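What follows is a short report on a single structure.
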2 protein chains.
Amino acid sequence: MKIEAVDFFYLSMPVVRDMGDGSQDALLVRVEAGGYVGWGECAASPLVTMASWNCPMSHSACKPVSASVLGLGLNDPADIQRINALVRRNSFDLLQTDHTLSGVDVALWDLLGKKLTEPVYRLLGYSCAYPKIAYASQLFGADAQATLRKAQEVARAGFRAAKFGWGPYGQGTLTQDTEQVRAAREGLGSERMLLVDAGTVWGDNVSEAEKRLPELQTCGVEWLEEPFVSGALGAYASLAAKSGAVKLAGGEGCHNFHQARNMIDYAELGYIQIDAGRIGGITTAKAVADYAVARSVQFVNHTFTTPLALSASIQPYAGLEKHCLCEFPSEPSALAREFSRNRLSIDENGCVRLPEKPGLGIEPDLEALKKYHLPVEIKVGGRVVFHSGKIPAL
Amino acid sequence: MKIEAVDFFYLSMPVVRDMGDGSQDALLVRVEAGGYVGWGECAASPLVTMASWNCPMSHSACKPVSASVLGLGLNDPADIQRINALVRRNSFDLLQTDHTLSGVDVALWDLLGKKLTEPVYRLLGYSCAYPKIAYASQLFGADAQATLRKAQEVARAGFRAAKFGWGPYGQGTLTQDTEQVRAAREGLGSERMLLVDAGTVWGDNVSEAEKRLPELQTCGVEWLEEPFVSGALGAYASLAAKSGAVKLAGGEGCHNFHQARNMIDYAELGYIQIDAGRIGGITTAKAVADYAVARSVQFVNHTFTTPLALSASIQPYAGLEKHCLCEFPSEPSALAREFSRNRLSIDENGCVRLPEKPGLGIEPDLEALKKYHLPVEIKVGGRVVFHSGKIPAL
């Protein structure tokens, strides 16, 4: 079969707030081939990603992403790998490319899984999908009291692990940060795993990050995530040399294989966190998972949006029994909650399992999503180069 | 003064061909503050960059670039550094950001130089701008005969160095590549410096690149540029261990300081090539130049477009006497040729000098550019979020 159509749907909450909640909008990708439909999602600015799909060519290495996707053959996993490489070859001077490719690649795997009636993880070569320990992923509260309550809630909800991140952490005083982490530990109790996400707040300032280490160690924090911007390899390695039992986690900002490989090779990470919606899709995420295994670094998904993105982000390491943690968005927006009728949920052991269905096993609820849809039209030189259609009927 | 307005103008040749000529279009940036106008250029997909300027916010780290620029104070170089950091902090999840920031940052330096009646290199702390040896930068011919003629032409034109790149190199047989490099050397004569640019053609395949080394060594090639994709640090380092007198060059794909630093720290480069129109502007390029000096790696500009971009790309290392090579686009498109009335040209020593004028010293010829202008309009949810105005009157 050939790739006949690719459509993008910009979904957004009516009001987007200035906070670290990445589930406030979503860019849904629909691919059609051979009578099948596949769905993907880019963890990216929807408008900018749409613009890169059919922008005019600038030169041979700055082509629109569509030039390397539409009309291409799609019959087996090797075809998706070929398309992934071709997009990168034809568009490496177009910076947004990797984010755009990501959602398209995810949709291609979903479609191929439906055609071959196999879950995506099987097409990737895994014989089974192991349950993963879901960590409840959420923002720090506005103050320690709010964080305490949030931690108590996720403990009650049955999670065995929780992450707190962004919000005020790293932006106020050292004392405030200490109180926040203590509150999170108190609310979770001593048995549950606690993770802390600094959201790149210290740039590449090792000494600022280092000041937080003693309290993180005292509170038994498993990892400190993104103390620094993605790619600040030297800063990560310097901090890792001092962090003791607190491991470093990072990688969500990586948008190709080499950036993730460099984080594994040089940043002294304990955990490499990959978002299939940014790194270049399931294809690239799987390559990183293979590399992480070879280098004895734990692979973890990164995702903060919809059930579709969650399923896509787990497939690349579904069959790795020892890589057993999983980011699980625990305070999604209404858009993310209403995204699909079936959702991934945690079982009595606090674990999440992939759907045993063809493809990704998550179908968007198009009727529910209509109210979130923002149509987009782009004109260049008076000519319409991009127009998002209507959300198709069920 | 405060930043009052930022406008983008998409300029394009009437026909853009599928070849490695990056001068076929240009994204011109105009900044207005305190009655002054500054000009910059993004080496980027114009449409996608425009979309990122005023796209709707997705979350706190995925804001439109405009949110961190418009209305901000601009009185001294530290203000530009602050704006540069703020854009990255507020938009690090919007992948296109760095390319957009680049042109804005360049325009801010141009404007500030005009206000303070100083060339930009002086605002960067250099007391003088040394002449640089211009290397004629061009594409390989379709065959060895065509390359021979091109090499003879640049020798006649007075260049002391020339680079050939892209085109068929690395895409045919080893014999064809050998013939191409020999033809370039024959046409230049034995005295002129010869550089070869593989345009990332071997991905990260070290053995494919290695096969070309003997002929490059025989022909006295100074550097092999981008044998691999940007960021493939291990592949670069492996090849460098075998390349002998042929140094490796790379870095044009870097879009922030850390990526360039990693190429310097881990890729065993002889030359780090930085495009001010991609790395995050003159601010970031200067930071890389400082780091290159500290690590004894040669800094070289990357540019393939207009005289404005050429001036911007030289400023960050203008005062480094020992970093004496300069990429000089020697076969620009009509758009790039007509871009401005004054141009940088080579002197009797084959050297190029920066204009001793306030700012960047290059004023776009707006009248000539009107015929290349493509207006852009972007609507989201029925609302116009971006509209490029007319090119202003002279």
Side-chain angles (χ1 to χ4, degrees), chain A residues 10 12 16-22 24-25 43-48 50-52 55-63 85 88-89 92-96 98-99 166 199-200 203-204 229-234 253 255-256 258-259 261-262 265-266 278 374-382 385, chain B residues 10 12 16-22 24-25 43-48 50-52 55-63 85 88-89 92-96 98-99 166 199-200 203-204 229-234 253 255-256 258-259 261-262 265-266 278 374-382 385:
Chain A
Y10 185 163
S12 178
V16 173
R17 293 164 62 205
D18 189 359
M19 60 191 291
D21 174 8
Q24 299 179 86
D25 67 11
S45 162
L47 176 64
V48 181
M50 287 163 141
S52 73
C55 59
M57 173 168 68
S58 288
H59 58 81
S60 59
C62 195
K63 291 182 181 138
R88 290 216 158 96
R89 179 81 205 132
F92 64 79
D93 275 348
L94 198 175
L95 190 47
Q96 190 70 16
D98 296 330
H99 281 190
W166 297 52
T200 82
D204 62 354
V229 293
S230 205
L233 304 177
H255 57 88
N256 61 46
H258 297 287
Q259 292 175 352
R261 178 179 163 153
N262 296 340
D265 285 348
Y266 303 109
R278 288 185 187 154
L374 293 176
V376 169
E377 185 191 80
I378 304 178
K379 279 190 206 171
V380 176
V385 300
Chain B
Y10 184 163
S12 178
V16 173
R17 293 164 61 205
D18 189 358
M19 58 190 293
D21 174 8
Q24 299 180 85
D25 66 11
S45 162
L47 175 65
V48 181
M50 288 164 142
S52 72
C55 58
M57 172 167 68
S58 289
H59 57 82
S60 60
C62 194
K63 290 181 181 138
R88 287 211 159 101
R89 179 83 205 128
F92 64 80
D93 274 348
L94 199 175
L95 190 46
Q96 190 70 16
D98 296 328
H99 282 191
W166 298 52
T200 82
D204 62 354
V229 294
S230 206
L233 304 177
H255 57 88
N256 62 47
H258 297 287
Q259 291 175 352
R261 177 178 164 154
N262 295 339
D265 285 347
Y266 303 109
R278 287 183 188 156
L374 293 177
V376 169
E377 185 189 81
I378 303 177
K379 280 191 206 170
V380 176
V385 300

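Predicted model, so just to flag it, every value in this text is computed and none were measured. Letters go in sequence order (proteins before strands), and every chain restarts at 1.
- For the atom pair CG (A/Asp18) and NZ (B/Lys63), the distance works out to 3.5 Å, reported to the nearest 0.5 Å.
- Here OH of B/Tyr266 is found 10.0 Å from CG of A/Asp265. Values are rounded to the nearest 0.5 Å.
- There is no contact between B/Ser12 and chain A, counting heavy-atom distances below 4.5 Å.
- Annotation: maximal heavy-atom pairing with chain B below 4.5 Å, among A/Ala85, A/Gly382, A/Gly234, A/Ala232, occurs at A/Ala232.
- Going from atom CG of B/Leu374 over to atom NZ of A/Lys379 covers 14.0 Å, rounded to the nearest 0.5 Å.
- Under the 3.5 Å distance criterion, the side-chain polar atoms of A/Gln96 are matched with a main-chain donor or acceptor of B/Gln96.
- Contacts of B/Asp21 with chain A are made by backbone atoms alone, with heavy-atom separations under 4.5 Å and no side-chain atom involved.
- Heavy-atom distances place both the backbone and the side chain of B/Cys55 under 4.5 Å from chain A.
- Residue with the most contacts toward chain A among B/Arg278, B/Gln24, B/Met50: B/Arg278 (heavy-atom pairs, distance under 4.5 Å).
- Across A/Arg261, A/His258, A/Arg88, the residue that shares the most heavy-atom pairs under 4.5 angstrom with chain B is A/His258.
- Of the atoms belonging to A/Asn262, it is side-chain heavy atoms, and not backbone ones, that fall under 4.5 Å from chain B.
- For the options A/Gly20, A/Pro56, A/Ser52, heavy-atom pairs under 4.5 Å to chain B are most numerous at A/Pro56.
- Proximity of a side-chain donor or acceptor of B/Gln259 to a complementary backbone N or O of A/Gly231 within less than 3.5 Å is not detected.
- To the nearest 0.5 Å, atoms CG (A/Asp25) and OG (A/Ser45) are separated by 7.5 Å.
- Both the backbone and the side chain of B/Met57 come within less than 4.5 Å of a heavy atom in chain A.
- By the 4.5 Å heavy-atom criterion applied to side chains, B/Ser58 and B/Asp93 are not counted as neighbours.
- Both the backbone and the side chain of B/His99 come within contact range of chain A, with heavy atoms under 4.5 Å apart.
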